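For clarity, every value in this text was computed on a predicted model and none was experimentally measured. Side-chain atoms are counted along with the backbone in the values below, which use heavy atoms only and exclude waters and symmetry mates.
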Amino acid sequence: MWNTEIYNRYGKERIQPSIDLAARIKDMQFQRILDVGCGTGMSTVPLVSAWENAEIIGVDLSKEMLEKAREVLPTVTFIQRDCSKPLLDMGTFDLIFSNAFVQWLPNQEDFISNAFSMLNENGIFATQIPLFEEMPANQCIIKSEKIFADKFKGIEEGKYVLHSASEYYDMIAKSTNKIEMWITDYCHEMDNHGKILEFLRGAALRPYIERLDEEEQKLFLDEVMKNLEIEYHYQKNGKILFSFKRLFLLGQK
């Protein structure tokens with residue numbers, strides 16, 4: 001289960017990719033927008049700011065996150081849906097927006113294909129995907145798995161699934177030849193390694209924590225912390241630079 005408090009604690013860091021993705025298409029006009037995997041509405045805020053007169057619908061599976069989203073954006077329609085299943089019954093849209101969500105789907109190619117089938121002519125599919133497997137933090141977590149190897153058997157089924165940038169390009173290229181793709185490395189200033197761990201608990205560590213009891217969680221998180229301390233070093237001003245790589249893709253129907 002998603003912990004909205006932990007997830008939102010680093011709202012500034014998590015919302016910036018949505019702002020940057022929306023800014024890339026800010027000069028376009030959209031009448032109907034779908035935010036898939038909207039979570040707490042963090043990714044929806046830039047959409048409301050850029051296209052305040054559009055009909056905006058946010059969909060997500062988490063009841064807890066949607067409750068938070070409705071508090072933040074009462075003018076937006078938020079619907080609880082399993083976004084791993086087709087959303088074709090929701091009609092067509094001018095923009096289908098998905099920030100840091102696609103990686104949680106086992107059938108990502110089908111999702112992208114279905115999204116394009118829901119777009120109006122010249123509509124835009126816009127997504128941001130964290131390339132977490134290319135980051136040192138991912139290795140810190142993998143190295144920590146050994147202390148509860150039995151508990152983590154089969155965990156891949158509940159974790160995010162990431163492909164390479166070229167593989168995502170190929171997925172979208174099956175639906176359009178009008179594609180933009182770029183990668184941004186966000187350098188977050190962290191006060192200490194505990195802050196990095198807290199950030200990771202918001203998403204990447206969630207599948208692990210859900211399999212452990214309270215005492216086991218502490219032991220596992222302590223192990224992750226040790227590996228973070230080895231991998232990430234303090235700057236001269238006492239801060240730690242936590243680099244987070246993200247892939248952006250735009251496809252026009």
Side-chain angles (χ1 to χ4, degrees), residues 14 16-28 30 32-39 43 46-47 57-61 81-139 141-142 154-186 203-204 206-207 243-253:
R14 296 189 191 280
Q16 192 60 50
S18 294
I19 294 172
D20 295 342
L21 184 57
R24 196 77 166 217
I25 48 177
K26 64 180 176 61
D27 293 331
M28 303 183 73
F30 304 114
R32 198 161 191 256
I33 298 171
L34 180 65
D35 184 8
V36 184
C38 62
S43 61
L47 302 179
I57 300 173
V59 290
D60 200 279
L61 182 60
R81 290 287 298 263
D82 182 351
C83 301
S84 68
K85 294 179 170 57
L87 303 171
L88 303 175
D89 59 294
M90 299 189 71
T92 59
F93 296 84
D94 303 305
L95 170 64
I96 295 180
F97 194 88
S98 180
N99 181 69
F101 167 73
V102 172
Q103 74 276 7
W104 295 107
L105 298 174
N107 53 340
Q108 297 175 28
E109 191 166 343
D110 289 344
F111 169 75
I112 292 171
S113 176
N114 287 333
F116 272 92
S117 69
M118 294 172 64
L119 285 174
N120 295 319
E121 192 65 27
N122 296 316
I124 296 289
F125 173 72
T127 187
Q128 180 272 125
I129 302 166
L131 297 178
F132 190 70
E133 290 187 352
E134 299 181 19
M135 295 170 48
N138 182 55
Q139 289 304 312
I141 296 173
I142 291 173
I155 198 169
E156 297 300 324
E157 296 179 8
K159 283 180 61 181
Y160 52 81
V161 178
L162 289 169
H163 302 281
S164 68
S166 63
E167 287 172 322
Y168 281 116
Y169 178 91
D170 286 341
M171 290 182 197
I172 290 183
K174 290 183 178 180
S175 298
T176 183
N177 58 5
K178 299 176 182 178
I179 304 170
E180 286 187 56
M181 181 174 73
W182 70 98
I183 294 172
T184 299
D185 218 342
Y186 292 86
R206 183 178 60 85
S243 183
F244 206 113
K245 186 177 293 187
R246 297 181 183 271
L247 169 69
F248 296 81
L249 283 157
L250 293 175
Q252 185 171 26
K253 187 168 181 178

Side-chain donor or acceptor of [X] paired with backbone N/O of [Y] under 3.5 Å:
| X | Y | answer |
| --- | --- | --- |
| Lys178 | Gly251 | no |
| Thr176 | Lys253 | no |
| Glu134 | Leu131 | no |
| Ser117 | Asn114 | yes |
| Asn99 | Ser43 | no |
| Glu167 | Ser164 | yes |

Exercise for the section: May I have the step-by-step check of side-chain contact (heavy atoms from CB on, under 4.5 Å) for Phe111 and Val36, ending in yes or no? Expected result: CA-CA 10 Å; Phe111 169 75; Val36 184; 3.7 Å; yes
Practice task
Using distance alone, with no hydrogens and no angle criterion, decide if Asn138 and Glu133 have a side-chain donor and acceptor under 3.5 Å apart.
Solution key: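 Glu133 and Asn138 do not have a side-chain donor-acceptor pair below 3.5 Å.
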Between [atom1] of [X] and [atom2] of [Y], what distance do you get to the nearest 0.5 Å?
| X | Y | atom1 | atom2 | answer |
| --- | --- | --- | --- | --- |
| Met118 | Thr92 | CE | OG1 | 8.0 Å |
| Leu61 | Lys85 | CG | NZ | 8.5 Å |
| Leu34 | Asp94 | CG | CG | 11.5 Å |
| Phe101 | Asp35 | CZ | CG | 10.0 Å |
| Gln128 | Ile19 | CD | CD1 | 12.0 Å |
| Cys38 | Ile57 | SG | CD1 | 11.0 Å |

Exercise for the section: Show the numbers, then the answer: is there a side-chain contact (heavy atoms from CB on, under 4.5 Å) between Ser84 and Asn107? Expected result: CA-CA 7 Å; Ser84 68; Asn107 53 340; 4.2 Å; yes
Exercise for the section: Classify the ring geometry between Tyr160 and Trp104 as parallel (under 30°), tilted (30 to 60°) or perpendicular (over 60°). Expected result: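 Correct class here is perpendicular.
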Exercise for the section: On the 0 to 90° scale, with breaks at 30° and 60°, tag the Phe132-Phe244 ring pair as parallel, tilted or perpendicular. Expected result: tilted
Can you find a pair of side-chain heavy atoms, one from [X] and one from [Y], that are under 4.5 Å apart?
| X | Y | answer |
| --- | --- | --- |
| Phe248 | Met181 | no |
| Pro17 | Tyr186 | yes |
| Met28 | Ile124 | yes |
| Leu21 | Phe97 | yes |
| Asn120 | Phe30 | no |

Exercise for the section: Could you give me the CA-CA distance, side-chain angles and deciding distance for Tyr168 and Ile129, then say whether side-chain contact (heavy atoms from CB on, under 4.5 Å) is met? Expected result: CA-CA 10 Å; Tyr168 281 116; Ile129 302 166; 3.6 Å; yes
Problem - Closest heavy-atom pair and its distance - Ser98, Val102 - result: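 Between these two residues, the closest heavy atoms are OG-CG2, 3.8 Å.
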Handout entry: Carboxylate-amine/guanidinium proximity below 4.0 Å for Arg24 and Glu180
Key = yes
Practice task
In plain terms, say whether Arg81 and Asp89 are close enough for a salt bridge, that is, a side-chain N and a carboxylate O under 4.0 Å apart.
Solution key: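 Salt bridge present between Arg81 and Asp89.
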Problem - Face-on cation placement of Arg246 at Trp182 ring, 6.0 Å and 45° thresholds - result: no
Handout entry: side-chain contact (heavy atoms from CB on, under 4.5 Å) between His163 and Gln103, worked out
Key = CA-CA 8 Å; His163 302 281; Gln103 74 276 7; over 6 Å; no
Exercise for the section: Flag yes if more than 12 heavy atoms outside Tyr169 fall under 6.0 Å of its OH atom; otherwise flag no. Expected result: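 Incorrect, the count does not exceed 12.
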